[in-house]
> 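One structure follows; several queries about it will come next.
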Amino acid sequence: MRYLPLTPEDRKAMLATIGAASVDEFYADVPEAARLGGTVEGLPDHQGELAVERHMAGLAAKNRTASEGPFFVGCGAYKHHVPATVDHIIQRSEFLTTYTPYQPEIAQGTLQTLYEFQSQVASLTAMEVANASMYDGSTACAEAALMACRVTRRQKVVLSGGLHPHYAAATRTVCEAQGIEIVQLKPGVDDELALSEAVDDETACVIGQSPNVFGTVTDLTPVADAAHEKKALLVSVFTEAVALGMTMPPGEMGADIAVGEGQSIGNPLNFGGPYVGLFACSKKLMRQMPGRLCGETVDADGQRGFVLTLSTREQHIRRDKATSNICTNAGLCTLAFSAHMTLLGEKGFTHLAQLNHEAACQLADALEGVNGVEILTPRFFNEFAFRIPDNAGEVLEKLDGLGVVGGVRASRLYPGKGMDDVIIAAATECTSDADIKAYADALTKVLA
């Protein structure tokens with residue numbers, strides 16, 4: 001039975017208020033080709049609850065999870081082990097049911113959790129200040145570009161050719177809507193330093209990534225120097241948080257803003273989300289930072305306490321004064337991040353990074369031994385690009401038929417850019433010796 005809450009009179013009154021004579025006139029801006037002429041073909045009018053459950057269960061059974069066999073997909077979403085302790089902690093009622101920290105006297109637990117999260121992110125990135133999370137890495141990147149334009153009062157942003165295309169697309173969408181010029185450098189496996197030549201007196205910021213989407217690790221210090229010489233900012237991006245356990249952090253490279261994705265810590269793949277964006281900056285830029293910032297203080301009795309120190313969202317101040325339109329933070333995801341990071345500690349986190357790098361080196365050695373394979377990424381953490389003598393999409397499909405999810409075809413990220421024969425593969429601590437052997441054997445068979 002359909003649920004129709006509005007009567008014809010209700011609709012008539014609403015249309016009159018809007019100024020449209022009919023529903024069709026209201027949707028006049030929607031192209032005719034995008035409109036449905038009736039019901040969706042193949043979709044039944046109605047079914048009982050049991051039948052729907054069976055149907056949905058059948059659809060779900062067609063999915064293959066990342067844990068069901070050799071899995072080498074990365075490119076911004078990584079398969080890592082999340083300890084059972086993390087799930088136990090985040091499901092405790094004092095964490096799971098708390099949401100908003102607006103009343104500090106009854107939200108000390110939530111505020112302290114966010115404060116600890118900020119402290120961990122600042123430490124990981126070697127930056128002075130971190131906020132209480134963003135939606136995900138790509139929107140954090142877009143917010144960083146907007147922030148740089150506010151700080152420098154310039155309207156030009158330069159993106160590296162190794163910036164993840166999804167991050168570039170999110171940044172372009174947000175910035176171009178506000179009249180900000182976006183300059184995208186051509187794709188390059190090892191060309192992050194090209195940003196040094198692209199910055200000029202009109203540039204608000206340059207956005208580089210290390211490790212980049214092809215897995216290449218680059219010291220962005222020369223880019224920071226070139227940007228600062230032109231009074232521009234460097235935004236340093238990362239999509240794999242575990243890489244910070246071994247690679248040079250953004251703060252040590254001279255970054256003004258560091259953004260990235262924290263999914264790798266405490267948050268499983270979840271078929272695409274929700275994830276958690278990390279955002280950190282230098283102290284002098286703190287007041288232009290989007291989102292909110294939790295701080296430590298003392299109460300009237302001198303006892304340690306936590307409060308919202310900075311809240312520059314539309315929920316808190318006038319829209320024209322807000323630095324962001326973020327409506328919430330990824331609270332449960334940040335809690336999972338902090339729980340996992342606390343369990344690891346500094347030593348454990350470094351060891352986790354080492355395991356990732358070792359697995360990737362082992363994978364690269366195995367694949368390089370396959371006839372026709374050429375490793376393209378010169379310096380990598382746990383992800384790299386390689387060229388094969390056949391079409392990458394077709395090869396990956398055949399590998400899937402052999403039970404191996406071999407990675408991401410570069411042409412999916414860069415269509416029409418001459419990368420039809422390039423695959424980007426990742427290995428983590430979850431990658432076993434047997435997985436690597438299965439990949440090498442399957443690729444040998446497919447390329448034979």
Side-chain angles (χ1 to χ4, degrees), residues 66-67 69-83 124-125 137 162-164 166-167 189-190 192 208-220 236-250 258 260-269 275-276 278 337 340-341 344 346-369 373 375-386 396 404-410 413 422-440 443:
S67 300
F71 182 84
F72 299 90
V73 172
C75 285
Y78 302 91
K79 167 63 178 173
H80 289 287
H81 172 66
V82 180
L124 283 175
T125 57
L163 179 66
H164 195 300
H166 295 172
Y167 286 51
V189 172
D190 184 17
E192 294 301 300
Q209 181 176 331
S210 178
N212 68 13
V213 70
F214 300 101
T216 306
V217 177
T218 305
D219 180 358
L220 297 176
S236 180
V237 175
F238 55 91
T239 60
E240 169 57 288
V242 177
L244 297 173
M246 284 191 71
T247 62
M248 185 181 295
E261 177 55 62
Q263 171 267 321
S264 292
I265 308 298
N267 291 273
L269 288 169
Y275 288 169
V276 50
L278 310 182
F337 180 101
H340 192 182
M341 189 61 71
L344 286 169
E346 183 177 354
K347 183 177 180 180
F349 184 66
T350 301
H351 181 58
L352 175 62
Q354 292 171 344
L355 291 176
N356 275 252
H357 183 56
E358 290 169 1
C361 289
Q362 186 179 347
L363 175 63
D365 290 342
L367 296 184
E368 199 168 25
V373 170
I375 304 298
L376 301 177
T377 305
R379 306 169 301 280
F380 57 82
F381 170 64
N382 69 352
E383 187 169 25
F384 56 86
F386 63 96
L396 287 172
V404 176
V405 181
V408 176
R409 55 183 173 87
L413 300 173
V422 176
I423 295 174
I424 303 172
T428 71
E429 77 282 3
C430 295
T431 305
S432 67
D433 294 346
D435 291 338
I436 293 173
K437 184 178 186 305
Y439 194 174
L443 188 59

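Counting begins at 1 with the first residue of the sequence.
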> Would you compute the distance between atom NE2 of His81 and atom SG of Cys430 and round it to the nearest 0.5 angstrom?
7.5 Å
> Would you say the side-chain atoms of Tyr439 pair up with the backbone N or O of Gly406, donor to acceptor, closer than 3.5 Å?
yes
> When you compare the side chain of Asn212 with that of Phe238, does any pair of heavy atoms fall below 4.5 Å?
no
> Measuring only between side-chain heavy atoms, which start at C-beta, is Leu244 closer than 4.5 Å to Pro250?
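Sidechains of Pro250 and Leu244: in contact.
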> Using modelled atom types only, decide if a donor and an acceptor are shared between the side chain of His340 and the backbone of Pro83 within a distance under 3.5 Å.
no
> List the residues meeting side chain to side chain donor-acceptor pair (under 3.5 Å) with Thr350, not counting sequence neighbours, and say none if there are none.
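Side chain to side chain donor-acceptor pair (under 3.5 Å) check on Thr350 returns nothing, list empty.
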> Are Leu376 and Phe384 close enough that some pair of their side-chain heavy atoms sits under 4.5 Å apart?
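Not in contact.
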> Write down the atom of Phe349, the atom of Ala241, and the distance for their closest heavy-atom approach.
CZ-O, 3.5 Å
> For a quick test of reading the model, state the closest non-hydrogen atom pair linking Val82 to Pro268 and the distance between them.
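Scanning both residues, the minimum pair turns out to be CG2-N, 4.2 Å.
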> Counting distance only, does the side-chain N/O of Asn356 pair as donor-acceptor with the main-chain N or O of Ala353 below 3.5 Å?
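Checked: no pair found.
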> Does a donor on one side chain and an acceptor on the other come within less than 3.5 Å for Glu261 and Thr239?
no
> Return the CD1 to CG distance between Ile265 and Leu124, rounded to the nearest 0.5 Å.
7.5 Å
> Can you tell me if His351 and Glu429 form a side-chain donor-acceptor pair at under 3.5 Å?
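Short answer, no.
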> Quick one: does any side-chain atom of Thr428 pair with a main-chain N or O of Lys79 as donor and acceptor, under 3.5 Å?
yes
> Nearest heavy-atom pair of Ala77 and Gln263: which atoms, and what distance?
CA-OE1, 3.6 Å
> For residues Leu163 and Val213, determine if any side-chain heavy atom of one lies less than 4.5 Å from a side-chain heavy atom of the other.
no
> Backbone N or O of Ala385 within a donor-acceptor pair of the Thr377 side chain at under 3.5 Å?
yes
> Please determine whether side chain to side chain contact (heavy atoms under 4.5 Å, CB included) holds for the pair Leu278 and Thr125, giving the CA-CA distance in whole Å, both sets of side-chain angles, and the decisive distance to 0.1 Å.
CA-CA 9 Å; Leu278 310 182; Thr125 57; 5.8 Å; no
> Show, in sequence, the C-alpha distance, side-chain angles and deciding distance for Glu383 and Tyr78, and conclude whether the side chain to side chain donor-acceptor pair (under 3.5 Å) test is met.
CA-CA 10 Å; Glu383 187 169 25; Tyr78 302 91; 2.6 Å; yes
> Measuring from Gln362:CD to Leu367:CG, what's the distance to the nearest 0.5 Å?
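The CD atom of Gln362 sits 10.5 Å away from the CG atom of Leu367.
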> Under the criterion side chain to side chain donor-acceptor pair (under 3.5 Å), which of Asp190, Thr216, Thr247 is the partner of Arg379?
Asp190
> Which heavy atom of Val408 sits nearest a heavy atom of Cys75, and at what distance?
CB-SG, 3.9 Å
> Parallel, tilted or perpendicular: which describes the rings of Phe380 and His357, with under 30° parallel and over 60° perpendicular?
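Phe380 vs His357 ring planes: tilted.
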> Taking Glu368 for the side chain and Ile375 for the main chain, is one N or O donor matched with an acceptor at less than 3.5 Å?
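Checked: no pair found.
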> Taking atom CD as the centre, does Glu346 end up with more than 12 heavy-atom neighbours from other residues, nucleotides or ligands that are less than 6.0 angstrom away?
no
> Where is the tightest heavy-atom contact between Leu220 and Glu192, given as atom of each residue plus distance?
CD2-CB, 3.9 Å
> Measure the CG-NZ distance between Asp435 and Lys437 for me, rounded to the nearest 0.5 Å.
12.0 Å
> Would a 4.5 Å heavy-atom cut-off, applied to side chains only, mark Asn382 and Val242 as touching?
no
> Are the side chain of Asp365 and the backbone of Leu363 linked by a donor-acceptor contact shorter than 3.5 Å?
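Between the backbone of Leu363 and the side chain of Asp365 there is no qualifying donor-acceptor contact (under 3.5 Å).
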> Contact between Phe72 and Thr431 at the side-chain level, heavy atoms closer than 4.5 Å - yes or no?
yes
